[in-house]
Amino acid sequence: MPPATFEAATILVTLLSIALAGCSAEEPGAATPTPAATEPAGPPEALPSVPEDIAVAQRRIPAPGFPADIEEPVDRDADDGMDGRDADADADTESDSGPDEPVEPLVADLHWGGIGEARFGMDVEELQRSWPGVLDGEASGECFYLSGDLRRPAGTPALMFERARFVRFDVDAPGPGAPGGGRVGMDTEEILDRYGDDVARGPHKYTDGEYLRIENPDGEGMSVLLFETDEQGIVTEWRIGLEPQVDYVEGCS
């Protein structure tokens with residue numbers, strides 16, 4: 001018999017022996033148990049939920065290079081609508097700026113002899129050196145006006161020059177007050193109360209108002225204070241100047 005055939009026969013005999021030994025171990029007449037019917041499987045058991053603090057921590061995955069206990073830095077400029085500006089810097093700017101405050105106007109010293117250091121009788125160059133601001137106007141002709149900017153929104157005096165000499169200034173707004181307290185907007189009775197018997201009253205040339213003329217009580221420089229009123233007796237303008245220029249009713253005309 002060839003060797004391959006012999007080996008196959010040996011394996012077959014061995015398997016038969018094992019099968020016969022198993023059969024002899026079972027009791028005669030014993031029934032083979034029937035496997036129990038398999039019940040249909042129910043829904044899978046739900047997994048235990050993850051606590052919220054753990055879930056949040058899981059979502060906060062640090063960027064490479066950062067320790068696990070440090071969150072990834074956030075680019076605030078990308079999301080805060082500041083267009084790359086520094087929010088803290090803007091807050092500091094707003095806190096420091098505050099609301100705009102009105103500029104306190106410079107109160108000029110309007111007196112019987114002129115305005116501040118600008119005195120009647122000065123020529124244009126002398127007055128320019130004494131003036132706190134800029135004089136606007138054209139310095140030409142026998143008689144002319146220059147307007148002094150004293151940072152007032154209204155009531156800036158107009159300075160009259162005749163033969164190049166400062167001789168008078170005119171005020172036509174309520175702000176500045178004259179020596180003695182008279183000002184635009186007062187009525188005749190208020191002027192009379194302030195200046196009393198020093199007031200010389202005369203009719204206005206063009207209206208039903210009056211000229212209220214008060215000479216310098218000190219007599220210095222022969223200057224005169226003159227108020228003009230309208231038909232209601234309200235002061236519309238006033239001026240101080242030397243004679244005869246203070247009595248010019250049409251300015252330089």
Side-chain angles (χ1 to χ4, degrees), residues 102-123 126-127 130-133 135-137 143-162 165-253:
V103 177
E104 186 70 19
L106 175 64
V107 178
D109 179 18
L110 307 179
H111 52 81
W112 291 97
I115 303 176
E117 297 299 321
R119 313 287 298 191
F120 293 135
M122 286 184 174
D123 62 26
E126 288 177 314
L127 192 140
S130 303
W131 195 255
L135 289 174
D136 297 324
C143 180
F144 56 87
Y145 274 95
L146 298 180
S147 178
D149 179 9
L150 300 185
R151 294 195 300 167
R152 288 197 184 94
T156 299
L159 284 63
M160 177 190 284
F161 292 79
E162 189 172 68
R165 297 289 177 175
F166 178 38
V167 293
R168 158 179 156 177
F169 65 86
D170 301 20
V171 175
D172 59 1
R183 65 184 64 235
V184 172
M186 288 185 172
D187 60 27
T188 301
E189 294 303 320
E190 290 178 286
I191 298 299
L192 295 177
D193 288 342
R194 288 180 179 274
Y195 299 96
D197 294 338
D198 293 331
V199 178
R201 303 175 66 173
H204 198 285
K205 184 176 180 178
Y206 297 107
T207 72
D208 291 333
E210 291 183 294
Y211 297 117
L212 306 178
R213 196 174 189 274
I214 304 134
E215 294 188 0
N216 184 350
D218 298 330
E220 181 181 355
M222 300 297 292
S223 58
V224 173
L225 167 62
L226 192 148
F227 295 94
E228 292 191 25
T229 67
D230 60 13
E231 56 271 17
Q232 282 79 37
I234 303 301
V235 175
T236 58
E237 60 182 280
W238 61 269
R239 57 186 177 266
I240 293 178
L242 303 179
E243 294 180 304
Q245 293 86 1
V246 70
D247 293 311
Y248 294 172
V249 297
E250 298 177 357
C252 283
S253 301

> Do side-chain atoms of Arg213 reach the backbone of Leu226 as a donor and acceptor pair under 3.5 angstrom?
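Not a single qualifying donor-acceptor pair exists.
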> Under a 4.5 Å cut-off applied to non-hydrogen side-chain atoms, are Met186 and Arg194 in contact?
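Yes, side chains in contact.
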> Does Arg201 reach the side chain of Thr188, with side-chain heavy atoms less than 4.5 Å apart?
yes
> Minimum heavy-atom separation for Asp172 and Val184, please, with both atom names.
C-CG2, 4.0 Å
> Can you label the angle between the Phe169 ring and the Phe120 ring as parallel, tilted or perpendicular, going by 30° and 60°?
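Ring orientation of Phe169 relative to Phe120: parallel.
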> Let's go through Ser223 and Asn216 carefully: what are the C-alpha distance in whole Å and the side-chain angles of both, what is the deciding distance for side-chain hydrogen bond (donor to acceptor under 3.5 Å, both in side chains) to 0.1 Å, and is it a yes or a no?
CA-CA 6 Å; Ser223 58; Asn216 184 350; 3.2 Å; yes
> Just verifying a value: how many Å separate Trp131 CH2 and Glu117 CD, rounded to the nearest 0.5 Å?
11.5 Å
> At their closest point, which heavy atom of Ser130 faces which heavy atom of Met122, and how far apart are they?
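So the two residues come closest at OG-CE, 3.7 Å.
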> How close do Ile240 and Pro179 get, counting heavy atoms only, and between which atoms?
CD1-CD, 3.4 Å
> Can you tell me how far the OH atom of Tyr211 sits from the NE2 atom of His204, to the nearest 0.5 Å?
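Tyr211 atom OH to His204 atom NE2 measures 4.0 Å (nearest 0.5 Å).
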> Glu237 versus Val171: any side-chain heavy-atom pair under 4.5 Å?
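The answer is no; the side chains never approach within 4.5 Å.
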> If every non-hydrogen atom of Arg165 is compared with every non-hydrogen atom of Asp123, which pair is closest and at what distance?
NH1-N, 3.6 Å
> Taking the side chain as every heavy atom from C-beta outward, state whether Val235 and Glu190 have any pair of such atoms under 4.5 Å apart.
no
> Roughly how far, to the nearest 0.5 Å, is CZ of Arg168 from OH of Tyr248?
9.0 Å
> To the nearest 0.5 Å, what is the distance between CE (Met160) and CG (Leu146)?
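Interatomic distance, Met160 CE to Leu146 CG, rounded to 0.5 Å: 11.5 Å.
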> Can you spot which of Asp136, Asp170, Leu159 makes a side-chain contact (heavy atoms from CB on, under 4.5 Å) with Tyr145?
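For Tyr145, the side-chain contact (heavy atoms from CB on, under 4.5 Å) check succeeds only for Asp170.
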> How long is the span from the CG atom in Leu192 to the CG atom in Asp198, to the nearest 0.5 Å?
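Rounded to the nearest 0.5 Å, the CG-CG separation comes to 11.0 Å.
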> Is any side-chain heavy atom of Ile115 less than 4.5 Å from a side-chain heavy atom of Leu110?
yes
> Search all heavy atoms of Phe227 against all heavy atoms of Ala178 and return the closest pair with its distance.
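Looking at all heavy atoms of both residues, the shortest contact is CZ-CB, 4.1 Å.
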> Measure from the side-chain N and O atoms of Thr207 to the backbone N and O of Glu231, and report whether any donor-acceptor pair falls under 3.5 Å.
no
> Work out which heavy atom in Trp112 is nearest to a heavy atom in Pro217; give both atom names and the distance.
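Closest pair (atom of Trp112, atom of Pro217, distance): CZ2-CD, 3.5 Å.
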